[in-house]
Peer 1: 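Before anything else, here's the structure in question.
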Amino acid sequence: MKKMLIMGPPGAGKGTQAEYIVKYYNIPHISTGDMFRAAIANKTEVGLLAKKYIDAGNLVPDEVTVGIVKERLANPDCKNGFLLDGFPRDLKQAEMFAVMLKELGIDLDLVINIHVDNEKLINRIIGRRICPECGRTFHIKYNKPLKDGICDDCGSSLIQRKDDNVETVSNRLDVYQSKTEPLINYYKDLVVTFDGDRDVDVIFNDIKKVIGDK
Ligand code: AMP
């Protein structure tokens with residue numbers, strides 16, 4: 001039961017739970033947002049194309065996104081499981097994803113949905129800090145690093161994501177609600193919803209109970 005998607009609005013703690021899950025189950029974390037941020041940092045063709053969409057909080061065109069996901073899922077390390085994070089983002093991507101899964105002979109096992117009420121999300125996003133080196137996520141109030149501004153894992157200085165600002169956040173939340181949230185119904189037979197407004201360890205324990213043994 002390890003071929004999984006994780007969903008949730010920006011700021012729900014999806015990235016943090018994703019980090020816990022992939023570490024514990026030793027499966028690849030396929031985050032389209034992380035792949036785009038790495039492509040931007042490395043100034044690749046995909047990065048140059050994606051940057052303007054990401055900076056505005058809009059979705060990157062499907063042909064770019066679907067291509068990078070398919071290439072990644074075809075990698076042999078995904079054979080025994082994976083956690084896809086940030087994809088599919090709307091119904092059209094979900095339909096393209098269904099075709100892709102069929103072509104690759106993959107059956108999806110579980111869709112993890114992290115729920116947090118809308119009014120709490122903005123603060124959670126504005127206070128978020130990420131490690132530019134290893135990608136680990138922190139929060140200045142709810143998930144503090146041991147030393148202010150420094151990544152617990154690799155010692156790099158934490159930064160704020162460029163799209164984690166008040167202006168972009170409300171657009172991202174609107175995009176999530178209008179485009180991504182309908183996927184909860186699309187995947188209703190596979191979805192399990194978790195209350196994301198709890199301690200990270202408590203949420204992770206609940207998720208483990210659903211996924212099962214390593
Ligand atoms: P995330 O890290 O998941 O919040 O993604 C950051 C940004 O990357 C989003 O606001 C989009 O601009 C872009 N992005 C990530 N995943 C996708 C996707 N599946 N389709 C289109 N754009 C995406």
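Counting starts at 1 for both ligands and their atoms, in listed order. All residue numbers in this chain count up from 1 along the given sequence.
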Peer 1: Inspect the contact between Lys3 and Asp109 and indicate whether a charged nitrogen and a carboxylate oxygen are less than 4.0 angstrom apart.
Peer 2: no

Peer 1: List every atom of ligand 1 that sits less than 4.0 Å from any heavy atom of Gly33, numbering the atoms from 1 in the order shown and giving each element.
Peer 2: 2 (O), 5 (O), 15 (C)

Peer 1: Could you point out which residue of Lys162, Arg37, Arg161 forms a salt bridge (charged side-chain N to carboxylate O under 4.0 Å, His left out) with Asp55?
Peer 2: Lys162

Peer 1: Tell me which protein heavy atom sits closest to atom 19 (N) of ligand 1, plus the residue, atom name and distance to 0.1 Å.
Peer 2: Gly86 O, 2.8 Å

Peer 1: In a check of side-chain hydrogen bond (donor to acceptor under 3.5 Å, both in side chains) between Arg128 and each of Thr137, Asp164, Thr16, Asn123, which one passes?
Peer 2: Asp164

Peer 1: Got Asp90 and Leu183 here, is their nearest side-chain heavy-atom distance under 4.5 Å?
Peer 2: no

Peer 1: Mind running side-chain contact (heavy atoms from CB on, under 4.5 Å) on Leu84 and Ile6 for me, showing each step along the way?
Peer 2: CA-CA 6 Å; Leu84 202 45; Ile6 187 162; over 6 Å; no

Peer 1: Distance to 0.1 Å, residue and atom name: give those for the protein heavy atom nearest to atom 16 (N) of ligand 1.
Peer 2: Thr32 OG1, 2.7 Å

Peer 1: Which ligand 1 atoms does Gln93 reach within 4.0 Å, using its non-hydrogen atoms?
Peer 2: 18 (C), 19 (N), 20 (N), 21 (C)

Peer 1: Can you tell me which residue and heavy atom of the protein come closest to atom 1 (P) of ligand 1, and the distance to 0.1 Å?
Peer 2: Arg89 NH2, 3.6 Å

Peer 1: Under 4.0 Å from a heavy atom of Phe87: which atoms of ligand 1 are those, numbered in the order shown and with their elements?
Peer 2: 19 (N)

Peer 1: Taking the side chain as every heavy atom from C-beta outward, state whether Asp85 and Lys14 have any atom pair closer than 4.5 Å.
Peer 2: yes

Peer 1: I need the atoms of ligand 1 closer than 4.0 Å to a non-hydrogen atom of Arg37, numbered in the order shown.
Peer 2: 2 (O), 6 (C)

Peer 1: Just to confirm my output: which protein heavy-atom neighbour is closest to atom 11 (C) of ligand 1, and how far is it?
Peer 2: Asn58 O, 3.4 Å

Peer 1: Does ligand 1 have a heavy atom under 4.0 Å from the side chain of Lys92, from its backbone, from both, or from neither?
Peer 2: neither

Peer 1: Output yes when the distance from some N or O of ligand 1 to some N or O of Leu59 is under 3.5 Å, and no in every other case.
Peer 2: no

Peer 1: Among all protein heavy atoms, pick out the one at the shortest distance from atom 22 (N) of ligand 1; state its residue, atom name and that distance to 0.1 Å.
Peer 2: Val60 N, 3.0 Å

Peer 1: Any chance the side chains of Asn165 and Thr168 put a donor and an acceptor closer than 3.5 Å?
Peer 2: yes

Peer 1: Could you tell me the residue and atom name of the protein heavy atom closest to atom 4 (O) of ligand 1, and the distance to it rounded to 0.1 Å?
Peer 2: Arg161 NH2, 3.1 Å

Peer 1: At under 4.0 Å between heavy atoms, which part of Asp62 makes contact with ligand 1: side chain, backbone, both or neither?
Peer 2: neither

Peer 1: Among all protein heavy atoms, pick the one closest to atom 23 (C) of ligand 1 and tell me residue, atom and distance.
Peer 2: Phe36 CE1, 3.8 Å

Peer 1: Is the Phe204 to Tyr24 ring centre distance short of 6.0 Å?
Peer 2: yes

Peer 1: When you compare the side chain of Ile30 with that of Phe87, does any pair of heavy atoms fall below 4.5 Å?
Peer 2: no

Peer 1: Whether Asp206 and Arg198 form a salt bridge (side-chain N of Lys/Arg under 4.0 Å from carboxylate O of Asp/Glu) is what I want to check.
Peer 2: yes

Peer 1: Would you check the N or O atoms of Asp34, main chain and side chain alike, for any that come under 3.5 Å of an N or O of ligand 1?
Peer 2: no

Peer 1: Suppose I only count heavy atoms of Thr65 and a 4.0 Å limit; which atoms of ligand 1 are within that range?
Peer 2: 18 (C), 19 (N), 20 (N), 21 (C)

